[in-house]
Amino acid sequence: MLYAQQCCRAGGDCTNFKVRQNVSNENLQEVVKQKYGAAAKQVAAGGVATCDGGELSCCDPITKDLYDGSQISALPKEAVAASLGCGNPTALAKLQPGETVLDLGSGGGIDVLLSAKRVGPTGKAYGLDMTDEMLSLARANQKKAGVENAEFLKGAIENIPLPENSVDVIISNCVINLSGDKDRVLREAFRVLKPGGRLAISDVVVRGEVPEEIQKSLLLWVGCIAGALRDEDYISKLSAAGFECASIEPTRIYQIEDARAFLTGQSMDVDAIAPLVDGKFMSAFVRASKPALAAAATKSVPGLNVLKCC
């Protein structure tokens, strides 16, 4: 599944997935870096990052129509063209003036630039990405947008280059699912958040049981869900990292018709597998918070949609 993300992220050859799916976790960061780099080059050349470099993206049902016109009208077209997330965390995170925001896997910078506008001149928005080409694109987009209260950092989301207790809000847009060590990502997020800080991310989540072989094929179709966790597992990992008030709110549920064209091309009987997978993959808004006081760090019982303490 480690190469499935290439379909969404970088215009790669989706047909090679079955051959490459056993790439080791140790190579995953390099794989993602290469594909993000290719996507940045595609956008810098005046294109839009797609599955095959053409007009259609296999991930359209995930990546399209995430931002309204009022949000993106003032942004560089390159920032919009490089946007390949699965949600709009800046619209859901309830950012406040003066807050410090960190975007994990910031890509071309669209969510950082939007966040910087939300937190205003007294706030700060950081973007973290490990790909030189994406960082170059993001910084160029920042300059074009005239946004001064943003900064793009180079690094991996498993090792955030910021001190502990330094960030009010962490956002991310369909990136944590691509990490080979999600537990470490969440521990790092917890470390850099201030007491009472918030995790407010968009990611793709699996709901319920899906046969493994079918899931692998669907993971190829929706490249952004390579490595996607089941909802219960996501909640458990958040709790294990120290977060409280964890919840998962579906924002877009994918039906079998979204995948029909791709699966038919894979010689699969779509009608036969539909009852097994329909509606089980979703983009979701994942919320959690760091306890406000050290004494409040007692872990809550894992459960979905527990919102009362957030």
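Just so it is clear, the values below take in all heavy atoms, side chains as well, and ignore hydrogens, waters and symmetry mates.
- Distance OG1/Thr122 to CD/Gln96: 11.0 Å, rounded to 0.5 Å.
- Ile253 and Ile201 fall within a single hydrophobic cluster, where Ile, Leu, Val, Met, Phe, Trp and Tyr are joined by side-chain heavy atoms under 4.5 Å apart, directly or via other members.
- Distance CG/Asp129 to CE/Met134: 7.0 Å, rounded to 0.5 Å.
- The shortest heavy-atom contact between Pro291 and Gly242 is CD-O, 3.5 Å.
- Listed by chain and residue number, nothing satisfies the side chain to side chain donor-acceptor pair (under 3.5 Å) test with Tyr126 (two or more places apart in sequence, or in another chain).
- Considering only heavy atoms from C-beta on, Ser289 stays 4.5 Å or farther from Leu199 through its side chain.
- Under a hydrophobic-cluster definition in which Ile, Leu, Val, Met, Phe, Trp and Tyr are linked whenever side-chain heavy atoms come within less than 4.5 Å, directly or via other members, Leu162 and Val185 are assigned to the same cluster.
- Taken together through direct or relayed side-chain contacts under 4.5 Å among Ile, Leu, Val, Met, Phe, Trp and Tyr, Leu193 and Leu153 form part of one hydrophobic cluster.
- Pairing each heavy atom of Ile157 with each of Leu128, the nearest pair is CA-CD2, 4.1 Å.
- Using modelled atom types and a 3.5 Å distance limit, the side chains of Lys117 and Asn149 yield no donor-acceptor pair.
- Between the side chain of Asn141 and the main chain of Gly109, no donor-acceptor pair closer than 3.5 Å is present.
- Nearest heavy-atom pair, Ala284 versus Val205, reported as atom, atom and distance to 0.1 Å: CB-CG2, 4.1 Å.
- For Lys280, the salt bridge (charged side-chain N to carboxylate O under 4.0 Å, His left out) test picks out no residue, with sequence neighbours left out.
- You'll find the side chain of Thr251 stays beyond 4.5 Å of the side chain of Ser202, heavy atoms only.
- Side-chain contact between Gln142 and Leu113 is present, with at least one heavy-atom pair separated by less than 4.5 Å.
- Residue Val101 shares its hydrophobic cluster (ILVMFWY side chains chained together at separations under 4.5 Å) with Leu95, Val119, Val169, Ile171.
- As a member of the Ile/Leu/Val/Met/Phe/Trp/Tyr network built from side-chain separations under 4.5 Å, Val112 groups with Leu135, Phe152.
- Heavy atoms only, all atoms of each residue included: Asp111 and Ser115 are closest at O-OG, 2.7 Å.
- With contacts defined as side-chain heavy-atom distances shorter than 4.5 Å, the pair Asp233/Lys182 does not qualify.
- A salt bridge does not link Arg207 to Asp231: none of the charged nitrogens lies less than 4.0 Å from a carboxylate oxygen.
- Judged by distance alone, the side chain of Arg118 and the main-chain N or O of Thr90 form a donor-acceptor pair under 3.5 Å.
- Within the 4.5 Å cutoff, the side chain of Leu102 has heavy atoms near those of the Leu104 side chain.
- Both Val175 and Met282 belong to a single network of hydrophobic side chains, linked directly or stepwise wherever heavy atoms of I, L, V, M, F, W or Y lie under 4.5 Å apart.
- Judged purely by atom type and a 3.5 angstrom limit, Arg184 uses its side chain to pair as donor or acceptor with the backbone of Glu158.
- Considering CZ of Phe243 and CZ of Arg287, their distance stands at 14.5 Å, rounded to 0.5 Å.
- Residues Val206 and Leu229 form no side-chain contact, since every pair of their non-hydrogen atoms from C-beta on lies 4.5 Å or further apart.
- Residues Asn173 and Pro89 share a closest heavy-atom pair of ND2-CD, 3.5 Å.
- Under the 3.5 Å distance criterion, the side-chain polar atoms of Ser166 are matched with a main-chain donor or acceptor of Pro163.
- Between Lys154 and Asp132 there is a side-chain heavy-atom pair separated by less than 4.5 Å.
- Residue pairs meeting the salt bridge (charged side-chain N to carboxylate O under 4.0 Å, His left out) criterion with at least one member in residues 94-107, sequence neighbours excluded, are Glu99-Arg198.
- Linking ILVMFWY side-chain heavy atoms closer than 4.5 Å, directly or via other members, places Phe285 and Val204 in two distinct hydrophobic clusters.
- A side-chain donor-acceptor contact under 3.5 Å links Ser179 to the backbone of Asp181.
- Within the 3.5 Å criterion, the main-chain N or O of Asp183 finds no donor-acceptor partner in the side chain of Lys237.
- The 12-atom threshold is exceeded at CD of Glu151, counting heavy atoms of other residues, nucleotides or ligands nearer than 6.0 Å.
- With sequence neighbours left out, Arg191 forms a side-chain contact (heavy atoms from CB on, under 4.5 Å) with Ile160, Glu164, Glu188.
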